[in-house]
2 protein chains.
Amino acid sequence: MNRIDAILQQKSVRITPMRQLVLKHFLQEDAVLGLNELEETFQKSDRITIYRTLKTFEEKGIIHSIQNGVSEVKYALCKEHCEEQHHIDRHPHFHCLVCGSIECLESVLLPPTILPQGYSASEIKMNIKGRCKKCQG
Amino acid sequence: MNRIDAILQQKSVRITPMRQLVLKHFLQEDAVLGLNELEETFQKSDRITIYRTLKTFEEKGIIHSIQNGVSEVKYALCKEHCEEQHHIDRHPHFHCLVCGSIECLESVLLPPTILPQGYSASEIKMNIKGRCKKCQG
DNA sequence: CAATTCATGCAATGGTATTGCATTGTTAGC
DNA sequence: GCTAACAATGCAATACCATTGCATGAATTG
Ligand SMILES: [Mn+2]
Ligand SMILES: [Mn+2]
Ligand SMILES: [Zn+2]
Ligand SMILES: [Zn+2]
């Protein structure tokens, strides 16, 4: 069994052509992708099916969502060991205001945050806007 | 001059009935509010005018936006000294998954984040989901 | 007061997110 | 293998939310 199918199976996601296609693309590109880009890439495929594939992948812990607050929701592969309904993505997301690129800062660990008494967190997301490495100077 | 007008003037926002109304409401409620809620509150007012009031307030450093990724964009008063085009809100936002409330955790300071070499940040936002104080137990 | 700039109201549009439903494909019990 | 149950897909429709255009009215400035 190839890597694509292995991941799908391990995450309890039924193996279908569409899902193989999308997961393969994420693995190959290792990029942050949104519905529109994927629709462009897979022109023959139905937009809604891609949409539901993304939702399923997110739900099952294969990808995680990134909201930049400007355009549509983006997604990237979970590198850590995420499970169904339980993501443990402890890295911030960077949105370059110059070139528009969005990336996972995998190397940066989210610093521990002390919540006020009585609060408990199940998800913490950090979004950073600024200039990326390529757009500096 | 009253407090409302003083703030508007200090932030270089022309004083109008709509703006007085919205700012007064934010000050009174001290809450996180979205366009829909404000439209409900000011039923006689035009939705678009409220919309543009929020955009203006944000631009001028009177309120800051909060994206929970679920519903519409919410807004809250800037407590720190924000200026036009330059917000310095260094606190996370909490979204309770039980009661749905959204609040500014003013007491929590955003921990310093070390970016990878070559990156520079102009805005950092942290969004936390979980159970709020009221919904614990 | 005249010229200009700004705010408002209403209509229209753009874009993204989400659902309904009929059809097709897949799985699992018999 | 056959059939019932279940899941995925494709297409259409809808629901929201965000944003813009334009005509009108109000305020400001010199
Ligand atoms: Mn990421
Ligand atoms: Mn806040
Ligand atoms: Zn860049
Ligand atoms: Zn709560």
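Naming: A, B, ... by sequence-line order, numbering from 1 per chain. These values consider heavy atoms only, across backbone and side chains, with no hydrogens, waters or symmetry-generated copies.
V70(A) belongs to no hydrophobic cluster, as no Ile, Leu, Val, Met, Phe, Trp or Tyr side chain comes under 4.5 Å of its own.
The shortest distance between the side-chain N/O atoms of R52(B) and the OP1/OP2 oxygens of dT8(C) is not below 4.0 Å.
Rounded to an integer number of Å, the gap from Q20(B) CD to dA7(C) P is 13 Å. K74(A) places its NZ atom 15 Å from the C1' atom of dA17(C), with the value rounded to the nearest Å. At whole-Å resolution of the value, CD in E58(A) and C1' in dT18(C) are 14 Å apart. Rounded to whole angstrom, the span from the CG atom of L54(B) across to the P atom of dA7(C) amounts to 14 Å. The separation between L35(A) atom CG and dT16(C) atom C1' is 9 Å, rounded to whole Å. Straight-line distance from the CG atom of N68(A) to the C1' atom of dG15(C): 14 Å, rounded to whole Å.
Position along DNA chain C of the nearest nucleotide to T16(B) versus V70(B) favours T16(B) as the more 5'-ward residue.
Electrostatic pairing of K74(B) and E37(B) counts as a salt bridge here, judged by a charged N lying under 4.0 Å from a carboxylate O.
For the helix from dC1(C)-dG30(D) to dC30(C)-dG1(D), the end axes, each set by the C1' atoms of five terminal pairs, are bent relative to each other by 30° (nearest 10°).
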Using distance only, find each side-chain donor-acceptor pair of residues 94-107 of chain A under 3.5 Å and give its atom names and separation, not counting sequence neighbours.
residue	atom	partner	partner atom	Å
E103(A)	OE1	Y119(B)	OH	3.0
E103(A)	OE2	Y119(B)	OH	2.9

Atom pairs and distances, side-chain donor-acceptor, residues 11-22 of chain B, under 3.5 Å, sequence neighbours left out:
residue	atom	partner	partner atom	Å
K11(B)	NZ	G61(B)	O	3.3
K11(B)	NZ	C82(B)	O	2.4
T16(B)	OG1	R19(B)	N	3.3
R19(B)	NH1	R14(B)	O	3.0
Q20(B)	NE2	D5(B)	OD1	2.8
Q20(B)	NE2	D5(B)	OD2	3.4

Counting only pairs under 3.5 Å, give me each side-chain donor-acceptor contact of residues 128-137 of chain A, with atom names and distances, residues two or more places apart or in other chains.
residue	atom	partner	partner atom	Å
K129(A)	NZ	N68(A)	O	2.8
R131(A)	NH1	C135(A)	O	2.8
Q136(A)	OE1	S120(B)	OG	3.4
Q136(A)	NE2	R131(A)	O	3.4
Q136(A)	NE2	G118(B)	O	2.5

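Residues satisfying the side-chain hydrogen bond (donor to acceptor under 3.5 Å, both in side chains) test with S45(A), not counting sequence neighbours, are none. N36(A) is linked by a side-chain hydrogen bond (donor to acceptor under 3.5 Å, both in side chains) to R47(A), E72(A), counting only residues two or more places apart in sequence or in another chain. In this structure, the side-chain hydrogen bond (donor to acceptor under 3.5 Å, both in side chains) partners of K79(B), at least two apart in sequence or on a different chain, are D30(B). For H86(A), the side-chain hydrogen bond (donor to acceptor under 3.5 Å, both in side chains) criterion is met by no residue, not counting sequence neighbours.
With values rounded to the nearest 0.5 angstrom, I63(B) atom CD1 is found 9.0 Å from L23(B) atom CG.
Side chain of Q43(A) to backbone of E40(A): a donor-acceptor contact under 3.5 angstrom is found. Side chain of D46(A) to backbone of I48(A): a donor-acceptor contact under 3.5 angstrom is found.
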What protein N or O atoms touch nucleotides 24-28 of chain C N or O atoms at under 3.5 angstrom, if any, and at what distances?
none

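Chain B approaches DNA chain D within less than 4.0 angstrom (heavy atoms of the protein), and the contacting nucleotides run 5' to 3' from dC17(D) to dT28(D).
Aromatic ring centroids of H93(B) and H64(B) lie under 6.0 Å apart.
Listed by residue number, the members of residues 43-51 of chain A with any heavy atom below 4.0 angstrom from DNA chain C are I48(A), Y51(A).
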